[in-house]
Amino acid sequence: MSLPTLMSKVQTLQTSLQAKAKAEPAFRFYSLWDKVYRTGVLRVAYRGCRANRGAPGYDSISFKQIEDQGWDEWLERLQQELRVGGYQPQPLLRVWIPKAQGGQRPLGIPTIRDRVVQMAVLLVLGPVFEVDLLPRQYGFRPGSDAKMAIRAIHFGITQRGKREVVDGDLSDYFNTIPHGELMRCVSRRVSDGTGLPVIRKWLKVAVIERDERGERRTTETKDKQRGTPQGGIISPLLSNLYFRRFLLAWQKFGFGQRLRAEVVNYADDLVILCPNGCGEKAMAAMRHLMSRLGLIVNEKKTRLVKLPDEHLDFLGYTLGQF
DNA sequence: TTCGATGGCAC
RNA sequence: GUUGUGCCAUCGAA
């Protein structure tokens with residue numbers, strides 16, 4: 001079948017899954033795995049991974065090697081494994097990259113094989129969870145970008161008169177997300193007996209670090225029962241899914257109404273727009289809820305900004321001096 | 001409008 | 001030695 005046809009078939013699948021999720025907010029999808037290993041989904045997933053032109057993982061197998069050997073046969077073998085349930089994720093390759101503000105960030109690079117499977121799962125699960133994510137979550141989402149988040153903040157400041165802004169930052173967010181709680185977020189929509197264990201394995205796979213002396217194997221996420229790999233294809237979605245819990249708690253405990261405080265979220269960054277006199281309370285409430293969620297508020301980077309005297313730096317923009 | 005390449009930005 | 005999601009821009013092919 002031609003590539004455009006496969007693409008449209010995948011899109012049709014995605015829109016129907018999303019429509020189902022939208023129509024039934026409490027529906028749990030019980031047969032998602034059989035969609036993950038559909039030929040169309042796997043081919044689109046492979047192509048999507050290749051478009052990134054990313055480096056190989058632990059097994060050192062590159063896109064070129066896969067294609068020299070025959071990529072459709074490679075995909076068929078993978079499909080067979082996924083179908084009979086023999087699929088096991090390979091370890092992640094640890095690479096340290098320098099951060100912009102200094103320090104180093106640990107990447108966990110999956111093998112291309114695991115990246116393709118994760119992409120296939122994202123193609124299927126993404127449209128489902130997209131329905132559940134909240135409007136003020138702007139990071140990592142189709143059709144949304146940093147500029148929209150900035151516009152929302154700007155609107156809150158100028159049109160709604162919010163003059164106290166909590167600039168919140170979480171320390172090492174991806175690596176601190178608790179597995180149990182996260183899997184509960186996934187299980188709210190997914191009851192698939194094959195898919196859920198695979199996602200859990202992705203969270204818990206070993207990490208291989210290479211240096212001059214050789215290889216070192218660690219099982220940090222399995223031991224701490226926390227963290228989603230920085231480099232995993234579904235990690236951004238999972239991070240949004242877990243941050244949603246904070247926003248739901250914010251709603252549930254009535255901080256939005258009581259303090260008239262609106263939260264805007266982009267990945268691990270958040271801003272709380274508050275009227276005069278509410279900023280300190282909102283910041284304290286945020287700290288409390290975050291610790292309840294097992295997350296670490298970065299005290300050095302979290303602060304209360306009082307406009308218009310002070311300004312706010314967020315997502316590469318500076319707000320407050322108009 | 002939809003795919004391929006290149007570059008940039010946010011996290 | 002550099003993963004990932006999303007967005008934007010340019011070029012190319014239909």
Side-chain angles (χ1 to χ4, degrees), chain A residues 2-12 43-60 62-63 67 90-101 104-123 125-127 129-130 133 137-153 167-175 177 202 205 207-212 215 227-243 264-271 298 301 313-319:
Chain A
S2 70
L3 220 73
T5 316
L6 288 177
M7 191 64 211
S8 68
K9 283 187 80 166
V10 172
Q11 280 171 352
T12 305
R43 291 179 108 98
V44 170
Y46 180 84
R47 204 186 42 177
C49 289
R50 190 184 51 184
N52 290 335
R53 309 184 127 274
Y58 169 67
D59 63 2
S60 303
S62 63
F63 290 105
E67 282 157 32
Q90 294 169 283
L92 303 168
L93 180 63
R94 168 71 80 238
V95 171
W96 294 91
I97 59 167
K99 282 198 284 192
Q101 294 91 354
Q104 295 207 309
R105 197 162 70 92
L107 296 184
I109 304 175
T111 62
I112 288 173
R113 198 178 92 105
D114 290 330
R115 294 213 289 268
V116 171
V117 182
Q118 285 196 24
M119 179 73 86
V121 167
L122 180 65
L123 289 172
L125 286 189
F129 285 114
E130 182 59 30
L133 296 183
Q137 296 187 265
Y138 291 92
F140 306 134
R141 294 179 69 180
S144 108
D145 64 6
K147 204 175 255 180
M148 293 182 191
I150 294 296
R151 269 198 284 271
I153 294 166
D167 178 5
D169 185 273
L170 298 173
S171 295
D172 209 10
Y173 176 51
F174 271 40
N175 292 329
I177 298 176
W202 282 335
V205 284
V207 178
I208 307 283
E209 186 159 2
R210 293 201 173 109
D211 58 19
E212 312 81 46
E215 285 184 356
T228 183
Q230 308 209 31
I233 298 209
I234 55 163
S235 293
L237 176 69
L238 296 179
S239 79
N240 269 342
L241 202 53
Y242 197 65
F243 203 100
V264 172
N265 164 234
Y266 191 103
D268 60 340
D269 272 352
L270 75 152
V271 149
N298 188 335
K301 289 188 187 168
D313 288 316
F314 197 64
L315 307 181
Y317 293 83
T318 299
L319 294 107

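Every chain is numbered from 1 and lettered A, B, ... according to where its sequence line falls, protein lines coming before strand lines. The model shown is predicted, which means the values in this text are computed figures rather than measured ones.
- When heavy atoms are screened at a 4.0 angstrom cut-off, Ile97(A) is found touching base atoms of the nucleic acid.
- Residue Gly231(A) is the one, among Gly143(A) and Gly231(A), whose nearest nucleotide of RNA chain C lies closer to the 5' end (criterion: closest heavy atom).
- At distances below 3.5 Å, at least one donor-acceptor pair connects side-chain atoms of Arg210(A) with backbone N or O atoms of Tyr58(A).
- Atom CE of Met7(A) is separated from atom C1' of dG4(B) by 13 Å (rounded to the nearest Å).
- Relative to the side chain of Ile233(A), the nucleotides rG4(C), rG6(C), dC11(B) differ in distance, and rG4(C) lies closest.
- A distance of about 13 Å separates the P atoms of rU3(C) and dT6(B), rounded to the whole Å.
- The distance from atom CH2 of Trp202(A) to atom C1' of rG4(C) is 14 Å, rounded to the nearest whole Å.
- Contact annotation: Gln11(A) side-chain N/O to dC3(B) OP1/OP2 distance is under 4.0 Å.
- Using a 4.0 Å heavy-atom criterion, one finds that Leu107(A) contacts the bases of the nucleic acid, with or without backbone contacts as well.
- What separates CE of Met148(A) from C1' of dC11(B) is a distance of 16 Å, to the nearest Å.
- Out of rG4(C), dT6(B), rU2(C), the shortest distance to the side chain of Ala55(A) is found at rU2(C).
- Residue Arg141(A) places no side-chain N or O under 4.0 Å from the OP1 or OP2 atom of rC7(C).
- For Arg53(A), taking side-chain heavy atoms from C-beta onward, the closest of the listed nucleotides dA5(B), rU3(C), rU5(C) is dA5(B).
- Here rG6(C) presents its P atom at 19 Å from NZ of Lys147(A), a figure rounded to the nearest Å.
- Computed from coordinates, the Arg47(A) CZ to dA5(B) C1' distance equals 14 Å when rounded to whole Å.
- Taking atom CZ on Arg94(A) and atom P on rU3(C), their separation rounds to 15 Å, with Å as the unit.
- dG7(B) and rU2(C) have their P atoms separated by 16 Å, given to the nearest Å.
- Within the 3.5 Å criterion, the main-chain N or O of Ile97(A) finds no donor-acceptor partner in the side chain of Arg105(A).
- The CG-P distance, from Leu237(A) to rG6(C), rounds to 10 Å in whole Å.
- Between the Gln104(A) side chain and the Trp96(A) main chain, no donor and acceptor come within less than 3.5 Å of each other.
- For Arg50(A) and dA5(B), the CZ to C1' distance is 12 Å, given to the nearest whole Å.
- Distance check: Asn265(A) CG to Gln137(A) CD gives 5.0 Å after rounding to the nearest 0.5 Å.
- With hydrogens and angles ignored, the 3.5 Å screen pairs no side-chain donor or acceptor of Thr228(A) with any backbone N or O of Ser235(A).
- Ser144(A) comes within 4.0 angstrom of the backbone, heavy atoms only, and of no base.
- Rounded to the nearest 0.5 Å, atoms CG (Asp167(A)) and CG (Asp269(A)) are 7.0 Å apart.
- Residue Arg210(A) is out of contact with every strand shown, counting any heavy-atom pair closer than 4.0 Å.
- Contact annotation for Asn52(A): backbone-only contact, meaning every heavy-atom pair under 4.0 Å involves sugar-phosphate atoms and none involves a base.
- The residue Pro110(A) sits close only to the backbone: its heavy atoms come under 4.0 Å of sugar-phosphate atoms, none of a base.
- Residue contacts shown for Glu130(A) are absent, as no nucleic acid heavy atom lies under 4.0 Å away.
- Nucleic acid contact for Gly57(A): none, since no nucleic acid atom lies under 4.0 Å from a heavy atom of the residue.
- Across all strands, Gly139(A) comes closer than 4.0 Å to no nucleic acid atom at all (heavy-atom distances).
- Toward the 5' end of RNA chain C, the nearer of the two residues Phe174(A) and Ala146(A), judged by each one's closest nucleotide, is Phe174(A).
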